[in-house]
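Comments concern the structure below.
Bear in mind that the values here come from a model prediction, so they are computed numbers and not experimental data.
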Amino acid sequence: MTDREQFKVFQAPFYQPQRNEVALYEAAYAARLPVMVKGPTGCGKSRFIEYMAWKLGKPLITVACNEDMTASDLVGRYLLEANGTRWLDGPLTTAARIGAICYLDEIVEARQDTTVVIHPLTDHRRTLPLDKKGELIHAHADFQLVISYNPGYQSLMKDLKQSTKQRFAAFEFDYPDAALETTILVSESGIDATTAAQLVSIGAVARRLRGHGLDEGISTRLLVYAATLIKGGVTPHDACRMALVRPITDDRDIRDTLDHAIDATFA
Amino acid sequence: MPSPESPDAAWPERLAAYRAQLDCRFPQVGEVFEACLIDALRVLSPAGVSAYIDCGRFLGRMGRGVEPLLAFLEEWPSTAGILGEDALPAINHTLQVIWKSPNGKAITPFLQTLAAVARRLPSREQMQHYLDLTLKLMERTSGSIHGIHKSFASPGLPDFLEQAPTLLNRLAIGGLQNWVDYGIRNYGNHPERQRAYFSLQSADSRAVFQRERHGTLLVDHERLLDLYLRGLWGDSAQLVPYASSTDPAGHSAQADASTPLLPYYDASGIRLPDVLDDALGVSGIDRYRASLAHIAGHRRWSTPLFADNFSPMQRMAIEIFEDSRIETLILRHYPALRHIFLALHPTPAEGACNPATHSCLRHRLAMLSRALLDPAHGYQDAALREFVERFVQTMASGEASSEAVATLALAYVARTRRQSDQLANVHFADTVIAYRDDNRHLWRFHELSDDEEMFDLRPTAAAAEVDRLPPRHYPEWDYQSQSYRPDWVSLYESLHPSGEAALIDRLLDKHAALARRLKRLLDLLRPQDRVRVRYQEDGSELDLDIAIRSLIDFKSGATPDPRINMSHRTNGRNLAVLLLLDLSESLGDKVRVGNGEQTVLELSQEAVSLLAWAIEQLGDPLAIAGFHSDTRHDVRYLHLKGFSEGWGDPVKRRLAAMQAGYSTRMGAAMRHAAHYLAAQPAAKKLMLILTDGQPSDVDVQDERLLIEDARKSVGELEQQGIFTYCISLDRKADEYVHDIFGGRYAVIDNIERLPERLPELFMALTR
Ligand SMILES: Nc1ncnc2c1ncn2[C@@H]1O[C@H](COP(=O)(O)OP(=O)(O)O)[C@@H](O)[C@H]1O
Ligand SMILES: [Mg+2]
């Protein structure tokens with residue numbers, strides 16, 4: 001049996017609530033509802049779940065989903081060994097057995113035939129059939145399934161199936177408002193509030209360009225990176241170009257505009 | 001070497017020696033020779049001076065009178081100061097070539113403009129380019145008899161040489177080359193027209209000149225500036241260039257020169273100069289940005305005042321204070337813009353204006369303006385310093401207001417008034433703040449402000465449609481009560497009337513090049529019938545490569561990858577698309593396209609045709625419908641293309657007859673369209689909505705209502721498994737489109753690019 005303790009979140013993660021999401025999540029967990037967190041990249045979804053796992057004192061197993069992932073990568077598989085075969089639980093199975101919160105990050109990245117294996121865990125049966133092994137797992141009472149999902153994906157081919165969506169209670173996230181985001185930057189990086197506010201205002205410039213050549217604005221995560229670089233002694237001009245602008249765009253006009261915003265903001 | 005300023009005792013002798021070397025007897029030369037020589041000695045080496053004199057001697061003996069010599073003596077020292085004295089051989093060579101041709105008359109203008117040309121072309125390569133160009137022009141326009149020898153002088157060459165500095169003020173050398181080539185090509189054999197061309201008189205000469213101008217052209221940077229306005233200021237407007245005959249960067253407009261046309265904005269957009277050079281250490285693009293920042297500030301913070309209450313002088317002062325208030329607020333957001341403003345703002349010298357002879361009001365205000373922007377202004381004037389202080393206090397409490405600074409401005413005018421302010425002789429130097437707008441938006445006039453009667457131009461509903469089908473009813477979401485109004489909207493559907501299919505074919509022909517490009521992209525998207533899926537634990541076939549690799553891993557004691565099978569699947573796109581077109585009134589608006597105008601409707605027809613053609617190539621089922629509304633009792637839904645219909649003449653005929661009219665009740669139309677799309681068997685369903693404005697209708701006052709309803713209907717569609725995506729042509733769409741469609745929209749800022757953007761967006765969405 002896997003050690004439950006190793007998946008616990010011991011250090012309290014810093015999480016700045018945006019609204020009443022903490023209380024709502026506690027309610028959803030109390031009812032063991034599967035949860036979906038929606039929102040653009042880097043707006044705090046993963047951090048939120050990590051924080052909730054810590055707050056609830058439950059183990060957390062995170063799976064970063066990708067295109068090549070198969071159902072076995074989630075559920076488990078037989079391994080060949082010198083003297084026979086051995087079954088190895090996948091992360092989803094482990095979570096169901098030990099009663100962890102299983103967080104499937106960026107679920108739309110996974111192929112749809114992979115995603116369907118979670119369905120039985122999301123209805124009232126809370127079971128997981130291991131077909132190859134001939135075992136039916138009844139999920140531990142503490143088990144909860146959480147998926148994250150970025151609806152801003154500009155491709156309908158990557159959208160989540162309606163039959164999957166319908167199984168979750170949803171939290172909708174967006175980038176925090178300016179004051180909160182400033183607080184987050186200060187706490188995460190230790191820079192001063194003035195510089196943090198300036199970074200946030202550059203973030204706002206990019207977010208106003210969403211739909212005009214940018215699919216997504218500058219994420220909170222990137223703002224934290226820039227703040228961290230500045231704290232480490234990099235000039236704001238360089239830090240912003242490197243952490244905020246270059247990663248998000250190859251469009252010259254957008255890049256020039258953001259560079260100009262940086263130059264106009266930092267003397 | 002003697003100091004030329006204080007010639008030593010031997011000077012008269014040396015002067016005489018040089019004069020002897022020059023060896024010419026024109027009396028006019030005596031008058032200027034000493035001064036020229038002093039200039040020459042300052043920049044040239046002894047050998048350089050000697051070469052200078054030698055070249056002068058050649059020119060004096062050339063038989064073209066005294067003028068070439070005088071021009072050379074005067075121009076060369078400053079030219080050499082820019083290019084270096086060893087540029088002389090190249091110049092000399094050019095002179096010789098001209099001299100040997102029948103174009104001797106051109107030598108004087110060539111030399112007279114040499115220094116001015118060098119100032120614009122300060123590198124040797126550029127200058128050489130100019131010399132080559134000059135000779136080429138000469139060759140190609142000198143007439144030959146029987147093709148044997150050149151015997152007619154080029155008619156256009158002297159004109160060209162005279163115009164060269166003017167041309168180069170605006171054109172880079174490459175542009176000049178193009179301009180010259182054009183003239184040679186078209187007027188090489190036509191003396192009068194050639195002269196008209198090369199003296200910048202003829203219309204096409206000016207047109208080509210405009211086309212080749214250097215600097216930062218607004219037309220080339222519209223998107224960049226649009227992004228600037230949107231990103232940094234959350235504002236958007238049409239940017240309209242005006243012809244800037246003189247670059248307004250120079251501050252020192254003379255009293256008699258009319259002040260340059262300043263930027264401004266009105267209902268039709270923001271007007272900016274068509275071209276701006278780098279100037280005063282600021283790049284052309286940053287000069288545009290400075291103007292836009294200033295204007296965006298006005299648009300955000302200024303409120304109009306009644307002009308009738310103030311004298312012209314008071315108004316001038318109010319404008320200066322208001323401009324300064326705006327910039328103070330701008331700098332709170334973007335502090336580092338200050339250095340750009342400071343570089344562009346003139347720095348009038350204290351005491352430069354003489355109040356005994358000139359009206360100094362402009363000068364005083366420009367100083368004040370400088371001081372309000374520049375903490376290090378250093379002016380001593382007591383009134384100025386007091387009002388700077390009072391301004392700072394006014395602004396300390398927050399944003400203040402146009403009225404608040406107007407009060408301050410009036411006090412300032414009262415305090416500093418002088419009799420001579422009335423003088424006709426106005427001190428203009430350093431008073432033109434060219435990046436700021438002309439403030440016409442700041443003034444309202446009583447007599448004009450009476451509410452004009454608005455005509456209701458709305459056409460009455462076509463009551464003629466007697467025999468249409470009974471309506472379908474749809475609910476509408478009332479966000480205030482958070483409930484649906486059941487059966488609120490009556491929707492009538494019908495087949496769209498038909499026109500000429502040839503119209504659509506013409507539109508498609510127009511985009512043949514684009515279509516070819518799209519085709520290549522489409523080929524990449526087109527489904528391959530069977531694709532291999534590798535790395536399968538269970539699959540239909542063994543994937544040998546992987547299996548062998550796994551076996552090796554296994555034999556060597558490592559954990560083998562069990563995904564050694566592969567399978568095949570048919571990779572159909574399995575996608576159905578419904579394109580819903582907003583056919584409301586505003587679709588009839590005109591937009592600038594290239595040099596002409598087109599309606600949004602026409603552009604939409606082009607775009608929709610291309611898209612339909614593209615989707616047909618991919619084989620995805622596509623339906624097209626349009627809608628408009630005239631109150632909730634009459635929403636019309638018009639079929640343009642059914643899912644099962646091919647892209648053929650009947651569809652083209654309907655598209656050709658598309659018309660604009662009425663309003664945009666989007667929610668109901670989407671619900672109805674969903675009804676058809678949901679019935680499609682495809683796994684993925686995409687509804688594209690092409691619109692140019694926000695949902696609205698004549699019977700709805702509350703702007704939010706139909707926005708909220710549309711948002712609700714997007715949610716309903718999502719429940720039905722329909723992915724909605726909006727393509728908006730409304731620059732202001734950000735205010736509401738995100739509310740309705742979440743992140744699923746694109747705003748096409750540059751409507752003329754719609755025909756290529758629409759298919760591109762579709763392909764990106766379904767990749
Ligand atoms: N509400 C928040 N409280 C604390 N940190 C946050 C918050 N939102 C964002 N962050 C910061 O942004 C980074 C990225 O957030 P993350 O949760 O990984 O984004 P997502 O999962 O949405 O892509 C975090 O590492 C953290 O530094
Ligand atoms: Mg994450």
Should the heavy atoms of other residues, nucleotides or ligands under 6.0 Å from [atom1] of [X] be counted, would the total exceed 12?
{"X": "Asn20(A)", "atom1": "CG", "answer": "yes"}
{"X": "Arg19(A)", "atom1": "CZ", "answer": "no"}
{"X": "Lys732(B)", "atom1": "NZ", "answer": "no"}

Closest non-hydrogen atom pair, Ala336(B) against Ala267(A):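 Minimum heavy-atom contact is CB-CA, 3.7 Å.
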Closest heavy-atom pair and its distance - His212(A), Leu227(B): O-CD2, 3.8 Å
Chi angles and distances behind the side chain to side chain contact (heavy atoms under 4.5 Å, CB included) call for Val747(B), Arg210(A): CA-CA 9 Å; Val747(B) 181; Arg210(A) 267 199 260 189; over 6 Å; no
Which portion of [X] sits near chain A, non-hydrogen atoms under 4.5 angstrom:
{"X": "Pro562(B)", "result": "side chain"}
{"X": "Ile340(B)", "result": "side chain"}
{"X": "Tyr535(B)", "result": "backbone"}

Option that, when pairs with chain B are counted at under 4.5 Å, heavy atom only, ranks first among Leu214(A), Asp253(A), Asp174(A):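 Option with the top pair count is Asp253(A).
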Leading residue by heavy atom contact count with chain B [cutoff under 4.5 Å; candidates Ser163(A), Ala264(A), Ser201(A)]: Ala264(A)
Ion pair Asp251(A)/Arg223(B), N-O distance below 4.0 Å: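 Result for this pair is yes, salt bridge flagged.
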Considering only heavy atoms from C-beta outward, does the side chain of [X] approach that of [Y] to under 4.5 Å?
{"X": "Gln719(B)", "Y": "Lys165(A)", "answer": "no"}
{"X": "Ile262(A)", "Y": "Tyr334(B)", "answer": "no"}
{"X": "Asp286(B)", "Y": "His260(A)", "answer": "yes"}
{"X": "Asp263(A)", "Y": "His339(B)", "answer": "no"}

Could you look at [X] and say if it's the side chain, the backbone, both or neither that has a heavy atom under 4.5 Å from chain B?
{"X": "Thr70(A)", "result": "side chain"}
{"X": "Asp256(A)", "result": "both"}
{"X": "Ile254(A)", "result": "both"}

Top contributor to chain A contacts, counting heavy-atom pairs under 4.5 Å, from His738(B), His333(B), Glu718(B), Arg338(B): Glu718(B)
Residue selection (most heavy-atom pairs with chain A, distance under 4.5 Å) from Ala733(B), Ser550(B), Gly721(B):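 That would be Gly721(B).
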Atom [atom1] in [X], atom [atom2] in [Y]: separation rounded to 0.5 Å?
{"X": "Thr257(A)", "Y": "Leu224(B)", "atom1": "OG1", "atom2": "CG", "value": "4.5 Å"}
{"X": "Leu232(B)", "Y": "Ile202(A)", "atom1": "CG", "atom2": "CD1", "value": "9.0 Å"}
{"X": "Leu79(A)", "Y": "Asp561(B)", "atom1": "CG", "atom2": "CG", "value": "10.5 Å"}

